[in-house]
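Keep in mind the model is a prediction, meaning the values are calculated, not measured. In what follows, chains are A, B, ... by sequence order, proteins preceding strands, each numbered from 1. Reckoned from all heavy atoms, side chains included, excluding hydrogens, waters and symmetry mates.
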Protein chains: 2
Amino acid sequence: MDAFTALVEPNRRLLLDAIRVRPSTVNMLVETAGLSQPAVSKHLKVLRQAKLVTVRPDGQKRWYCLNPAPLQELETYLEPYRQFLNDRLDGLERYLDQMQAP
Amino acid sequence: MDAFTALVEPNRRLLLDAIRVRPSTVNMLVETAGLSQPAVSKHLKVLRQAKLVTVRPDGQKRWYCLNPAPLQELETYLEPYRQFLNDRLDGLERYLDQMQAP
DNA sequence: TCGATATATTCCGCTATAGAAATATATCTG
DNA sequence: CAGATATATTTCTATAGCGGAATATATCGA
């Protein structure tokens, strides 16, 4: 499963955000996301398959950590669009300058 | 529908890529994507709802053009991850330097 | 106006996926 | 070993999304 597919699910985006901020155990993520434990485990499985997270067992606990590498796929996809986005922002800047200056 | 949801579908990514390269009519996109015309029209409807494209009627034809603005959502989502990605790339660079130098 | 062209919409069947509940597995503690 | 804790997996149901075929709508040209 690719990063795009994995990140459609809003709850998975939420989970990955939480993991980025701090490596977390499943129970910590259950608290954060307000989902049932099985639901969280299943989302984590998807994130694992997409290699967006890694797991480090620690007794009964399992620490989930961010692996940002697959996000490069999104970066790469966006790359050709960045110029358009920038052009747009430049236009916005000029507009704001006009508002302010004359 | 948000840009994320709209862009999960690989065919929609393909269609948006084609539209970025050149504004296109539905039939042009049917050729490009190798899908049926109804399928393309339905994907375009989703892209329209996500405001990723705009339409300009021209007789029977309808020209679809890129509107990059909603992609800012992806940029914004990726922003906090960019640091991690860059760190990773730095690591790769160092590794490659090591390969080359000593 | 009639047929042809371009596009959109509807209907249908299929598959994928989310969530809940129950169950399984593994590890800790006493 | 027994119970408690942490996590994963299975099973089920409901729903959403895709694609194709058929149909509807709009516009062009003769």
Starting at atom CE of B:Met28, determine the distance to atom P of C:dT5, rounded to an integer number of angstrom. 19 Å
To the nearest angstrom, how far is A:Asp58 atom CG from D:dA6 atom C1'? 11 Å
Is A:Asp17 paired with A:Arg20 through a side-chain N to carboxylate O contact shorter than 4.0 Å? yes
B:Val30 side chain near B:Ser36 side chain, heavy-atom distance below 4.5 Å: no
Over how many whole Å does the gap from A:Gln49 atom CD to C:dA16 atom P extend? 14 Å
Tell me the interatomic distance from B:Lys42, atom NZ, to C:dC12, atom C1', rounded to whole angstroms. 10 Å
So what does B:Lys45 touch, heavy atoms closer than 4.0 Å: a base, only the sugar-phosphate, or nothing? sugar-phosphate
Closest non-hydrogen contact found for B:Cys65 with B:Ile19 is C-CG2, 3.6 Å
Any donor-acceptor pair under 3.5 Å between the side chain of A:Gln60 and the base of D:dT7? no
Verify the contact: side-chain N or O of B:Arg62 to OP1 or OP2 of C:dA6, cut-off strictly under 4.0 Å; return yes or no. no
I want to confirm an ordering. Mapping B:Val40 and A:Leu35 to their closest nucleotides on DNA chain C, which one lands closer to the 5' end? B:Val40
When all nucleic acid strands are considered with a 4.0 Å heavy-atom cut-off, which category describes A:Ser36: base, sugar-phosphate, or nothing? sugar-phosphate
Here the distance between atom P of C:dA8 and atom CG of B:Asn27, to the nearest Å, is 10 Å
Whole angstrom is fine here: how far is it from CZ in A:Phe4 over to P in C:dA16? 21 Å
Measuring centre to centre across the rings, with the benzene-like ring taken for any Trp, is B:Tyr77 within less than 6.0 Å of B:Phe4? yes
Using only modelled atom types and a 3.5 angstrom limit, is any donor from either the side chain of A:Gln37 or the base of D:dA8 paired with an acceptor on the other? yes
Length of the line joining A:Glu9:CD and D:dA16:C1', which is rounded to integer Å: 12 Å
Provide, to the nearest angstrom, the distance between the NZ atom belonging to B:Lys61 and the C1' atom belonging to D:dT27. 12 Å
Candidate nucleotides C:dT7, D:dT7, C:dA8, ranked by approach to the side chain of A:Val26 - the nearest: D:dT7
Along DNA chain C (nearest heavy atom to each residue), the more 5'-positioned of A:Thr5 and A:Gly59: A:Thr5
At under 4.0 Å, does any side-chain N or O of A:Tyr64 touch on OP1 or OP2 of D:dA6? no
Salt bridge check, B:Glu73 against B:Lys51: does any charged N sit closer than 4.0 Å to a carboxylate O? no
Using a cut-off of less than 4.0 Å, is there contact between a side-chain N or O of A:His43 and OP1 or OP2 of C:dT17? no
